[in-house]
Amino acid sequence: MNKIKILALVAGISMAFFACSGSDGTDGVDGIAGVDGVDGRDGVSCTMTPLKDSTGYKVMCGEDSVGVILNGEDGDDGEDGAPGAKGEKGDKGDKGNPGTPGSNGDPGKDGD
């Protein structure tokens, strides 16, 4: 209420000054600083939920739906890459385990 009265008084004085004066006056004294406003509400994070038909995602910020992002189409296959450089020779492997004994051979044919 006091702010309204002060604003009305300032406006009235300003109008009277400009109506009666033909020259610029001196600058007035700086006004006092106002009081801080109340803190704002906490923000909300956005989440993405897959659509039931798997064609994209629904974007939710708090309880508000802000949009839908649809999956794109598969792109064309890329070109084959160039062959890689020849690798270095590997280290010699460990000695292998002995093999299992072989089975007996078939009997030979009688001679003439």
Side-chain angles (χ1 to χ4, degrees):
M1 189 74 120
N2 288 337
K3 288 182 183 180
I4 294 173
K5 290 180 183 177
I6 291 172
L7 287 175
L9 178 64
V10 170
I13 292 171
S14 296
M15 288 175 62
F17 175 75
F18 287 117
C20 299
S21 173
S23 63
D24 290 339
T26 58
D27 290 340
V29 178
D30 289 342
I32 57 172
V35 296
D36 290 341
V38 296
D39 290 340
R41 293 182 303 162
D42 288 340
V44 292
S45 296
C46 296
T47 58
M48 296 178 64
T49 306
L51 297 175
K52 290 180 182 178
D53 61 2
S54 300
T55 59
Y57 297 88
K58 184 174 187 177
V59 182
M60 299 290 294
C61 293
E63 294 185 13
D64 297 327
S65 174
V66 296
V68 173
I69 298 175
L70 297 176
N71 296 332
E73 296 178 12
D74 288 344
D76 295 334
D77 289 342
E79 296 179 14
D80 290 341
K86 183 176 180 178
E88 296 180 17
K89 185 174 181 178
D91 296 333
K92 185 175 181 177
D94 295 332
K95 185 174 182 178
N97 296 327
T100 58
S103 59
N104 291 335
D106 294 333
K109 292 185 180 181
D110 290 338
D112 287 326

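These numbers come from a predicted model, not from an experiment.
Annotation for M48 and I69: closest pair CE-CD1, 3.7 Å, computed over non-hydrogen atoms. Y57 and N71 make their closest contact through CE1-OD1, 3.9 Å (heavy atoms, listed as atom of the first residue, atom of the second, distance).
When hydrophobic clusters are built by joining Ile, Leu, Val, Met, Phe, Trp and Tyr residues whose side-chain heavy atoms come closer than 4.5 Å, directly or via intermediates, L70 is not grouped with V59.
Heavy atoms from other residues, nucleotides or ligands lying under 6.0 Å from CG of D53 number more than 12.
Formation of a donor-acceptor pair under 3.5 Å by the D64 side chain with backbone atoms of V66 is not found in this model.
From E79, atom CD reaches atom CG of D76 across 11.0 Å, with rounding to the nearest 0.5 Å.
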